[in-house]
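In the text below, chain A, chain B and the rest are named by the order of the sequence lines, each starting its count at 1.
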Amino acid sequence: MSTPFYVSPQQAMADRAEYARKGIARGRSLVVLQYADGIVFVGENPSRALHKFSEIYDRIGFAAAGKYNEYENLRIGGVRYADLRGYTYDRDDVTARGLANVYAQTLGTIFSSNAEKPYEVELVVAEVGTTPDGDQIYRLPHDGSIVDEHGSVAVGGNAEQISTYLDQRHQDGMTLAEALKLAVQALSRDTNGSEREIPAERLEVAVLDRTRPQQRKFKRIVGRQLERLLGEGGSAGEPGDGADPDAEAGSDSGSGSADE
Amino acid sequence: MEANTRKPGRLPAAFLTPGSSSFMDFLSEHQPEMLPGKRQLPPTQGVLEAPHGTTIVAATFPGGVVLAGDRRATMGNVIAQRDIEKVFPADEYSAVGIAGTAGLAVEMVKLFQLELEHFEKVEGATLSLEGKANRLSTMIRSNLGMAMQGLAVVPLFAGFDVDRAKGRIFSYDVTGGRSEEHGFAATGSGSVFARGAMKKLYRDDLTEEQATTLVVQALYDAADDDSATGGPDVARRIYPIVTVISEEGFRRLAEAETSEIARSILARRLEQPDGPRAALL
């Protein structure tokens, strides 16, 4: 009987991390940004039916990059967790922090157990507050760590480069159109620095809009509304200048509720 | 299996197992004791005294449906609550009104709302109106054990059918039997009188305003003859809950609107206590 090769724990973990990272890098990146009235999710997704973003609960949204079947599984687990918790206690007792902890535990256990292959996913859990200060964004890499993010976050293969681009340009109090424009600019930059065009029909956009009168703040932005916002973002002045963002934010939320 | 909602930890296997899009199915596998229908009841002598909700009425009009309920809950001959709410939105395009044991009924509505929302989130699409009505049927059926002990829940379900572009009403019996009603329907102890009133006043070309007035007239007549149904309480400013579901979705009339309808009806009844007269022929 031959002796098994010794593999150091460091090496085993590094191998698993590399495996997961490679899997995540195969998919397209996505970004999550705060804007004046909430949080916007933007990603390139040619599919109309298989979503990268979705609603978990009233104020909580979910975004994921990586392997679809694995993050879909986690998403449904999260919906079940949130609904059961809200049913047991109260709707206000379902929080993004609680959900992020559960996801982190789940991902962490899978990552460090030798029986399972690590999940090739990177998640974002975001909760919109009643004011911008109350917004929470958590990034959950494949190994089960939690990163508490502010302003903007990118996940996926090209995330580092996109994050740097966003960090330099993102400002508090941007309008939805400005935030969307910035997100699309960030996503359309390739690793070698060249830019490419992402047409509106390949974009998946969703928001957690704190101004929505409904209890459930999650809303997909599609079709004409998306095209209008992309157009507005192009013609808007410098982000964050004076009274202009307020006026635009007002018109955004007005037309948003008319579309429903 | 221990529920994982109390302490942070890894999601239990049940949460990550692919399965049904129904929250009730998930709950019945993972934590069956949380479902109202799965509760073990001790044998009781006679009927258990608990607050009962009374009259719910609904009427369709071209473009939607109106669902309304009075505000009284009774326990035997005592008025248990004067301002109970018995009409709830089920989701964007439907609402449910409940008569019967108030505590169980409110719990059932909460679970029903969650069931529809859960399906929508998991599947990324809403159930058909027929599907929602059937789901409610299943829930009432699971409550049959308690209904046999006098704790019955009898809802009225109304919604806007987006595919057919019209309002529809479904009524239920205690065994979960479901039947679609055409034009108008009522449930609860005052329903006999409410239905009589609506029968004489209903037309199939009512406007939304006329339909909301119609249901309040019917509730007034129910309160007139049924002691368990509460009429508009002007002194305490408690008015019926009136909801409208149309293409624009669910809308609950503000207190100012319901009070105006109720007050104009009251003013007319001061002159004509039996209400509007229908033509003999």
Side-chain angles (χ1 to χ4, degrees), chain A residues 47-51 53-58 60-62 69-91 93-95 97-113 116 119 144 146 213-216 218 220 257-258 260, chain B residues 1-36 88-89 91-93 106-126 162 246-252:
Chain A
S47 168
R48 294 286 96 191
L50 307 175
H51 296 299
F53 313 131
S54 65
E55 173 189 7
I56 296 283
Y57 211 63
D58 295 349
I60 304 174
F62 171 96
N69 69 324
E70 291 177 350
Y71 70 68
E72 176 68 5
N73 212 4
L74 288 168
R75 180 184 76 88
I76 291 174
V79 171
R80 287 172 175 167
Y81 164 84
D83 279 348
L84 180 56
R85 198 175 163 90
Y87 181 65
T88 314
Y89 304 112
D90 185 73
R91 293 192 84 92
D93 296 316
V94 184
T95 59
R97 195 182 56 82
L99 183 67
N101 273 327
V102 168
Y103 276 146
Q105 292 294 338
T106 307
L107 284 169
T109 320
I110 293 168
F111 183 74
S112 36
S113 111
E116 287 174 89
Y119 270 22
I146 303 188
Q214 287 92 333
Q215 193 169 28
R216 294 161 68 183
F218 185 87
R220 291 188 191 284
S257 46
E260 281 151 27
Chain B
M1 185 186 294
E2 176 59 21
N4 215 63
T5 53
R6 290 175 195 92
K7 57 182 195 294
R10 185 183 172 170
L11 284 172
F15 284 66
L16 298 175
T17 310
S20 152
S21 308
S22 160
F23 182 74
M24 273 158 57
D25 289 359
F26 167 69
L27 212 52
S28 69
E29 277 165 32
H30 181 62
Q31 256 186 303
E33 74 283 0
M34 297 273 289
L35 283 173
F88 304 92
D91 66 355
E92 186 101 35
Y93 287 106
V106 171
E107 186 181 9
M108 193 181 279
V109 167
K110 195 174 152 196
L111 187 57
F112 183 56
Q113 287 168 329
L114 188 54
E115 174 79 3
L116 301 186
E117 186 187 321
H118 188 81
F119 184 94
E120 191 186 323
K121 288 192 288 196
V122 171
E123 296 272 318
T126 50
V162 185
S246 65
E247 205 168 13
E248 275 88 64
F250 173 91
R251 183 172 82 94
R252 179 175 153 170

Select one option (side chain, backbone, both, neither) describing which atoms of [X] are under 4.5 Å from chain B's heavy atoms.
X       : answer
A:Arg91 : side chain
A:Ile56 : backbone
A:Tyr57 : both

Notebook entry, point to check: B:Leu27 and A:Tyr87: which non-hydrogen atoms are nearest, and at how many Å?
Noted result: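 Reported closest heavy-atom pair: CD2-CE2, 3.9 Å.
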Next item on the list: Provide the closest heavy-atom pair for A:Arg80 versus B:Leu16 in the form atom of the first, atom of the second, distance.
Entry: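 Answer, listing the atom of A:Arg80 first, then B:Leu16: NH1-N, 4.4 Å.
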Check: Please walk me through it: do A:Leu84 and B:His30 pass side chain to side chain contact (heavy atoms under 4.5 Å, CB included)?
Finding: CA-CA 10 Å; A:Leu84 180 56; B:His30 181 62; 3.9 Å; yes
Next item on the list: Give, as side chain, backbone, both or neither, the part of B:Leu111 having an atom under 4.5 angstrom from any heavy atom of chain A.
Entry: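 Answer is both: backbone and side chain atoms of B:Leu111 are under 4.5 Å from chain A.
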Next item on the list: Quickly, which of A:Thr109, A:Val102, A:Leu107 forms a side chain to side chain contact (heavy atoms under 4.5 Å, CB included) with B:Leu11? Name it, please.
Entry: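 By the side chain to side chain contact (heavy atoms under 4.5 Å, CB included) criterion, B:Leu11 pairs with just one of A:Thr109, A:Val102, A:Leu107: A:Val102.
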SB check [X] [Y] (cutoff 4.0 Å):
X        : Y        : answer
A:Arg75  : B:Glu123 : no
A:Arg216 : B:Glu92  : no
B:Arg10  : A:Glu116 : yes

Checklist line | Residue selection (most heavy-atom pairs with chain B, distance under 4.5 Å) from A:Asn73, A:Asp83, A:Val79 | finding: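 With the most close heavy-atom pairs to chain B, the winner is A:Asp83.
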